[in-house]
Structure formats: C-alpha cells, structure tokens
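Here is the structure we will look at, set down as structure tokens.
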Amino acid sequence: MKISVIGVGYLGATHAICMASLGHEVIAVDVDPQKVALLNTGVVPFYEPGLTQLLGTANAQSNLTFTTDYSDASNCDIHFLCIGTPQTENELHADLTALENAFESVIKIAKPGSLIVGKSTVPVGTAQRLATNLAERKPGVLLNWNPEFLREGHAIADTLQPNRIVIGANTENGAEALANFYKLVSPEAPIFITNFPTAELVKVAANAFLATKISFINAMSEVADATGADVTLLADAIGADDRIGRKFLGSGIGFGGGCLPKDIRAFLARADELGLAESLNFLKEFDLINQRARTRAVALALKELGNPKGKKIAVLGAAFKPDSDDVRDSPALEIAETLHALGASVVVHDPRALESAAAKIPELTYSDSIEETLTQADLTMHLTEWGEYRALDPALVKKLVKVPTIFDGRNVLDVAKWQNAGWKLLALGRAL
Ligand code: UGA
C-alpha cells in the first residue's frame, strides 16, 4: 500500500521505517530539511536501538522516501499524522499548532477516497473537530484516530508487535480500512474500535495511569524515608499481587521525557476546560510528587556534601531513561543542572545523550569517559539506569573516586555488591 507519514520525530520516523520494512511504499514528509536530508542518507537523527540498521535494510531503502514536499504524498491511500504536541510554554495545555498546520497541508493534497490517520496525542475532542473541518473541506477523505503506545528504547518492537491497536472512528469515518491495514502489520494484536473521544482518552488515560503508578511508589518512598521502611521491598511485596503488578513501581527520581509529564498536564488542562478539574485533581498531586523526587535527590546530595562549592559530583546519566538520547524533561539533567547552579563541580556522563544534553544545558561539563567522570569525585550520582552503569565493578570504580559514596537515583544497583566493596550507598526511601 502507498502511505505517507507526516512528521519524522521518534514516532513518525519509527513508523515510516517499520512500515517500509514490511513492504509498504512510504513517503515520509517533514518540514525540517535537515532531518529529511539526514534520513535520506541513512542517518536517524536520534538514538533508538536497531532503527538505523532497519533503515539500512534493502526493503526500507527501496520503499522509503523522505521529503519536505507534501505534494509527493498526494497519491497515498493513507496519511499517518505523527506530529508532536508539546506542552505550551508556561502553560499546561498541549500546543497543537504544528499538528493543525500539518493537517491543513494534508487536506490540500489528500486524494478522494484516502484516509487520514491521527497518531498524535491530543486533547479529547480534537479528532471530532478535525473530522468536521475535513468533511466540509474535502468530502470523501476520511479521518481515524489511532493513538500510539510506543516506548522510546523499544520503539521497533512496539510498532511491529504492538500489544493493542486502538482505532477511533465514527459512522461517517469507518475503521475497516485501517483495521485491515493493521491486521497485516500484526495479526496477533487485539484491535479496539471506538468512537473518537474514547480513542483519544485511551492514550492519555494510559499515560496518566503509568505516571500514577510511578508517583504512587514515590509517595510511598517519602513515607518510607520518614519511617525507616524500604520502598523497593515494599514495591516487590505489593507488586507480587498480580492485580497491582511490579511494573512501573520503580521508585527513585521519577518520570520525565516528552510524554508522561506533558500528557498529564495537558489532561489536567483539558479537564479544566470541560469543568472536570475535580475529577483529575489527583494528577496535580502526582505531578508534584514527581517534581519532589528531584528536589529530594538534590537535598540528599547537599546533606552528604555539606557546602557543595568546589565539590566534584560525577553524574551517571543524562537521558530521561536508558536506551534513549532524549533529554526532554529529564530528571537526571535537571538534578545535575541544579547542583551545578548551587556551586558544585558537576561532570555528566551518558552513553548516548551527551550531544542532546549539551545542546539543552551547555553550561554543564560533559565527558564521554566514565573513568574521567568518576576520577576524584566527592559524590557519584547514578541517575539513568543504563546497563553499563549497573555492570560497573564497584571495587575498580572505588580506586578512581575521592569519596566512595554513590546515590542510586533509580534503586537498581546491587546494594550488597557496592557495600561489600566499601561504598556508602544513598537512596530515596531506603534505610541502607
Ligand atoms: C511513555 C509510555 O510508556 C508509552 O506507552 C507511550 O506511548 C509514550 O510515553 C508516549 O506517549 O509516546 P516513554 O516516554 O518512552 O513512554 O517512557 P516510559 O518507559 O513510560 O518511561 C517514562 C519515565 O518514567 C522515564 O523517565 C522512566 O525512567 C520513568 N519510570 C518508569 C520510573 O521512574 N519508574 C518506573 O517504574 C518506570
């Protein structure tokens, strides 16, 4: 099938490359000529495991074209809108400007009988508004809303073997064509066909629920700090109940990234517009708990160091999570930035995110050598749980640092191993 993918960020580039690898003819359109040029030379402009290799395969190379010209996509049967909806500056709601512009451009070139599929995360009510606009302007072109659940770091698997497919449609805009398309992509995945608002809400509700789980366990971490309990054992024990589950009960410095934080805020803003502020008020608290996890980490570092001026802090990790170079709303980077602003001499290491971190916070010192980062450190802070940090040999690392004290901001290091090697381990919500 001939399809277009509009927007080649994390979601769009992954969708375009995966669909081309399955044999679809894909025209990927983006307004950023630099991104388009890079992708046309086989370079993915961000780090996602396996994606560059998949782009290099014969199928992707022969089926995929990146362009800045929307008219190249005029012959396509399906147009997938994969445009970011970031948080509006200094406000809670999502900024739909880029999405609306892309939608306008697609309306102009879409041929009769084609289908526009919104994959972007949008406030509930958006799809119906766009569908009404479309019906007036280009009758015969249909709209579906098909939220995306891919996780950075697992984007290929989540696209090719999704755990569910949700298609928002209405009487005029049937779901059959898109359901048939996805049956070929992933015959196993259950398909939920819903109305527009349900599809929009599934996405934000899923992210709100994940954020809730993380903030819930970080609230328990605050209680554990005050009472001498251990939050990781508490998570293991409550998570053993499969009605609760252990996933997303990882306590520590909390969630970040381009999705969870902005999605719960946009959900709050939309609830307010709908007169439902009370219904979602709990998300405000969970956002605050999440912010507090970062300030608790800074406070712990300061308690340990005393006056931070002139003290070297080795920060392991800048990305908002491992297997990604994304530093949007990264707890690790915010903690590093705060400690730097307080006068500490902070050196940040990350296996993949140094470039994006330096572009965002240029005033920090970055190093691509773990050894250099740790040398003579007064405090080591493990803030993003990359596999290589977990694999460090505490006895060897101890020889590099000035003071063998490590803060495990993700509660994943092997406590006994580090303590037996002579380290003092610090953590949130744990009596170590
Ligand atoms: C999230 C959702 O998991 C995806 O399903 C969704 O499609 C995506 O947002 C999106 O809306 O596009 P992602 O942002 O890639 O995916 O990251 P997550 O794996 O959800 O992690 C988010 C943050 O929570 C990270 O900072 C991570 O370190 C943190 N986290 C995760 C915890 O602090 N504790 C945990 O137990 C799990």
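Atom set for the values below is all heavy atoms of this structure, side chains included, hydrogens, waters and symmetry mates excluded. Ligands are counted one by one from 1 in listed order, and the atoms in each one are counted from 1 as well. For the single chain, residues carry numbers from 1 onward in sequence order. Quantities reported herein were computed from a predicted structural model and do not represent experimental measurements.
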| request: Would you mind checking which non-hydrogen protein atom is closest to atom 22 (C) of ligand 1, with the distance to 0.1 Å? | output: Leu260 CD2, 3.8 Å
| query | With a 4.5 Å limit on heavy-atom distance, are the side chains of Ile217 and Val231 in contact? | reply | yes
| said: side chain to side chain contact (heavy atoms under 4.5 Å, CB included) for Leu115 and Leu178? Distances and angles first, verdict last. | reply: CA-CA 8 Å; Leu115 175 67; Leu178 191 58; 4.1 Å; yes
| query | Quick one: is the NZ or CZ of Arg328 closer than 6.0 Å to the six-membered ring centre of Phe320, and within 45° of its axis? | reply | no
| said: For atom 15 (O) of ligand 1, what's the nearest protein heavy-atom neighbour? Residue, atom name and distance, please. | reply: Glu152 N, 2.8 Å
| message | Counting non-hydrogen protein atoms only, what is the nearest one to atom 2 (C) of ligand 1? Give residue, atom name and distance. | response | Asn207 OD1, 3.5 Å
| So, does Ser215 use its side chain to make a donor-acceptor pair with the main chain of Thr212 at under 3.5 Å? | no
| field | Nearest non-hydrogen protein atom, atom 20 (O) of ligand 1 | value | Phe248 CZ, 3.4 Å
| query | Does an N or O from Arg151, backbone or side chain, lie closer than 3.5 Å to an N or O of ligand 1? | reply | no
| message | Give me the residue, atom name and distance of the protein heavy atom closest to atom 5 (O) of ligand 1. | response | Phe149 O, 2.9 Å
| task | May I ask you to identify the nearest protein heavy atom to atom 34 (N) of ligand 1, giving residue, atom name and distance to one decimal place in Å? | result | Gly250 O, 2.9 Å
| Close approach, Gly257 and ligand 1, non-hydrogen under 4.0 angstrom | no
| query | Please state which protein non-hydrogen atom is closest to atom 23 (C) of ligand 1 and give its distance, to 0.1 Å? | reply | Phe255 CB, 3.5 Å
| query | Which protein heavy atom lies closest to atom 3 (O) of ligand 1, and at what distance to 0.1 Å? | reply | Leu210 CD1, 3.5 Å
| field | Aromatic contact, Phe181 with Phe80 (centres under 6.0 Å) | value | yes
| field | Intermediate values then yes/no, salt bridge (Lys or Arg N to Asp or Glu O under 4.0 Å), Lys417 and Asp393 | value | CA-CA 9 Å; Lys417 196 167 110 183; Asp393 179 342; over 6 Å; no
